[in-house]
Amino acid sequence: MKVAKVVVDVPAAQTNKIYDYTIPMHLHDAIEIGMRVIVPFGNRKIMGYVLELTDTSAVERIKDIDSAMDMTPILTVELLELGKWLAEHTMSFYISAFQAMLPQALKANYVKYLHRLSEDQLDERLEALFAGRDYLDYKEAVERDVPLHRLKLAIQAGDVEISYQVNSKETIKKIAMIKLAADEEVIDAYLVDLGKRAKKKREIINYFQANNAPIPLKDLLNQLHTTRQTVKALENDGLLVTFKEEVYRNPYQHRKIIEATAPLPLRPQQSEALGAIVNQLHQKQAGVFLLHGVTGSGKTEVYLQAIGHALELNKEAIVLVPEIALTPQMVERFKGRFGSEVAVLHSALSKGERFDEWRKIQRKEVRVVVGARSAIFAPFDNIGIIIIDEEHESSYKQEDHPRYHVKDVAIKRAENHQCPIILGSATPTMESYARAKKGLYHLLEMPDRMSKNAMPTVHLADMREELHAGNRTMFSRQLQEAISDRLEQNQQIVLFLNRRGYSTFVSCRDCGHVVQCPNCDISLTYHRKHETLKCHYCNYQERMPQQCPKCTSDTIRYFGTGTQKVEEALYQTFPEARVIRMDVDTTRKKGAHERLLAQFGNKQADILLGTQMIAKGLDFPDVTLVGVLAADSLLNLPDFRAAEKTFQLLTQVSGRAGRHLLAGEVVVQTYTPDHYSIQYAAEYNYHGFFEQEMALRRAFQYPPYFYMTLITVLHPNPLKAEEVTRMICKLLQKHLSQDARILGPSPSPIERIKNRYRYQCIIKYKHEPKQHTVLTKVLNYYEDMMRKDDLLIQIDLQPYQLM
DNA sequence: AGCACGCCGACT
DNA sequence: GTCGGCGTGCTC
């Protein structure tokens, strides 16, 4: 007996286990570990992953596997183990972990059909439904409100059957190719017989005589300015034959050819860093390097050369880049160095493109992958190096199931492959730098910029003073002067506005009423395009009111705002300036991001105004002024990392100015110029900031001195949510050690989302080996209530945001 | 998650 | 009787 151990595609606590299925004879050779299979489950059919093959099972009423969905395994043994570890580590379901490791295109798609089995007269409603067809989509029956009991009777009578179909969403793109189908003699004979007027046919044959190789049909038609008809005629005469060929979708095909680059000469601090990494690489040992290099110190070149060494050893490399920094500029650097050895995985690709890039990795056609978070799961089997660029970025933490931090996964994979990891940043997290100082990570420092220019001077503009001086605009006098100056000199400017805490809410100027979402405790944001108000959390929307819903005053306006309003203000103050705005609205369309940056690069604009997305990796030689419009917008968030995030952002943004020949200047507008994060950022003093922030973290018992766990309890009834949270706190108090600090129950920063009230409990601890077991028990205890009573308990081990 | 099964109240 | 709504338990 051949048995497969299968994890089924049902993300629920009750089904989060391994199921046994027998493998029928005809599938013995077809099914391997790591493949997707279709299995019967209850009375339906679903997808599952094969984890193991054995020859015995303790299960009595075991069923047969229905079929295989793959020809070759899509998960390696290492990745299967990693998935199990990930699920256990993050307290998620196995299936969620495996799904997170694969491209969307490989997810199963379920269709339910009604199949008519007999010609006997059915119930009239059913007869009307089938309308002469044998098969139809079950959805249609539901939509047409066919009485379900009648359907049931028909099924019991054997007249109708419900059938289930499992499809994979992946599609392999194929194009039509054409090639010669006859030999020389036949062709010559054909040409002799060909009429004088058949000019095009002759041309086509001549083409193939000159290049006897298959060519995409489309290209042939373009090149010879002919039509499908002519080709078809030759095909009918047996001269040519068309066939389908598999191709990769190429998201970069319309772009200029990327120039190949050779390794650049390194400066001493770069060689030293590289030397340490390469040494480790040769020793074939796992180990974490923290590469602390100021912006413009040449970290990327170190990455590139380290990868070069890994490839020489015949190994593979994974490079992780925050989604937002995965710009064409960045991708180009890797493609320039490693050419067709590179696959790129990021969310701007379509599902099909992502799948194709993934397939290149799976088929061993590339050895380098550059991508966002999920690229850590690249199906390589001989990894030589893993690089995490901008390691402090919060996008490396996945905020829904499985809630993992990519660093933890990277460290696990590095152990599996015995290879080094490089964490690179100008502003490492407190956690990483503290570990490096303790000697747990190898610390590599690159304190100098490559260009001769010093870091740009930072001026702090105190917005309180501006207000006192009667300046009520968004631009301080200092910034206004600087902008005018650059416009005159024909140099470029980057203006940065942090969107968070600065959104476009609508309020009444008379009574101050702010329009809120009816389902969530959050203000609605204004969308000019459709004149609507929208909720970011639950997608609720309503029309922009003409009058205040509270006091009926008609002075209701959208307020604050992000980039749109700044753009208007810019045009008022500097009518001659050409502005490019980059935010979610202007970059929604595919390729828009790239196009806008190219325009700015070609000096088609003077000012680039944008949100987070322009803070990273931009490198334009003529940018000599960077303005930060609201430096403290992050500081006021309820988050113990607020100071750290502010420091990181300011440092990052400042790094965009004066990168080449021209010197740069930064103007930071703030209401709290004395705050240490802003002060240290203005001085580029990472170490000073680190010391002060660490002292605070220690005093308030935050990471890295303490670990944290965030438990969020959601329920439609606020009393119930609070009660359950209180109970959980009590349980934790009882079962964890004396040293664990348990905070709560307290309402979450956003108290209600999608009509569910949210309460939280935070555990701060140094060492709690029992925590995992206790939390599992808590989840088990509430399992019933979660199923039956709309209760939700979310557990985030080491949360990045306390929301 | 779906799906069946069973109990219950409402309706023609 | 007949129909549909919900609570409950199960899926190799």
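Throughout, a chain's letter reflects where its sequence line sits, starting with A, and its residues are numbered from 1. On a predicted model such as this, the values are computed, not experimentally measured, just so you know.
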Checklist line | Polar side-chain contact A:Arg44-B:dA4 base: donor and acceptor under 3.5 Å | finding: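 Checked by distance alone, the answer is no.
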
Say you draw a straight line from [atom1] of [X] to [atom2] of [Y]; how long is it, rounded to the nearest 0.5 Å?
X	Y	atom1	atom2	value
A:Ile793	A:Leu791	CD1	CG	5.0 Å
A:Asn755	A:Asn519	CG	CG	4.0 Å
A:Arg413	A:Ile383	CZ	CD1	3.5 Å

Under 4.0 Å, heavy atoms only, any strand: does [X] hit a base, just the sugar-phosphate, or nothing?
X	value
A:Asp20	base
A:Gln14	base
A:Lys788	sugar-phosphate
A:Tyr21	sugar-phosphate
A:Phe93	nothing
A:Arg61	sugar-phosphate

Checklist line | Stepwise side-chain contact (heavy atoms from CB on, under 4.5 Å) test for A:Leu320 and A:Ile376 | finding: CA-CA 7 Å; A:Leu320 302 175; A:Ile376 193 60; 3.9 Å; yes

Could [X] and [Y] be called an ion pair, given the rule that one side-chain N must be under 4.0 Å from one carboxylate O?
X	Y	result
A:Glu81	A:Lys84	yes
A:Glu246	A:Arg363	yes
A:Arg116	A:Asp134	no

Note to self: Short of 4.0 Å, heavy atom to strand atom, which residues of residues 95-113 of chain A count as contacting DNA chain C?
What the structure shows: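 Output list: empty, so none.
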
Check: Under 4.0 Å between a side-chain N or O of A:Asn43 and OP1 or OP2 of B:dG2?
Finding: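 Indeed not, no polar side-chain atom of A:Asn43 lies that close.
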
Note to self: Looking at B:dG2, I'd like to know if its phosphate oxygens (OP1 or OP2) sit under 4.0 Å from a side-chain N or O belonging to A:Tyr164.
What the structure shows: no

Notebook entry, point to check: From the 5' end of DNA chain C to its 3' end, which nucleotides mark the outer limits of contact with chain A, defined by a 4.0 Å heavy-atom distance cut-off (strictly under)?
Noted result: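 Contact boundaries, 5' end first: C:dC3 to C:dC12.
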
Margin query: Would A:Lys360 pass as a cation-pi partner of A:Tyr248, given that its NZ or CZ must be under 6.0 Å from the six-membered ring centre and within 45 degrees of the axis?
Written below: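 Geometry flag: set, cation within 6.0 Å and 45°.
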
Next item on the list: Please determine which of A:Lys407, A:Arg641, A:Lys397 meets the salt bridge (Lys or Arg N to Asp or Glu O under 4.0 Å) test together with A:Glu431.
Entry: A:Arg641

Margin query: Measure NZ/A:Lys45 against P/B:dG2 and give the value in whole Å, please.
Written below: 17 Å

Notebook entry, point to check: What is the distance from CG of A:Asp9 to P of B:dG2, rounded to the nearest Å?
Noted result: 9 Å

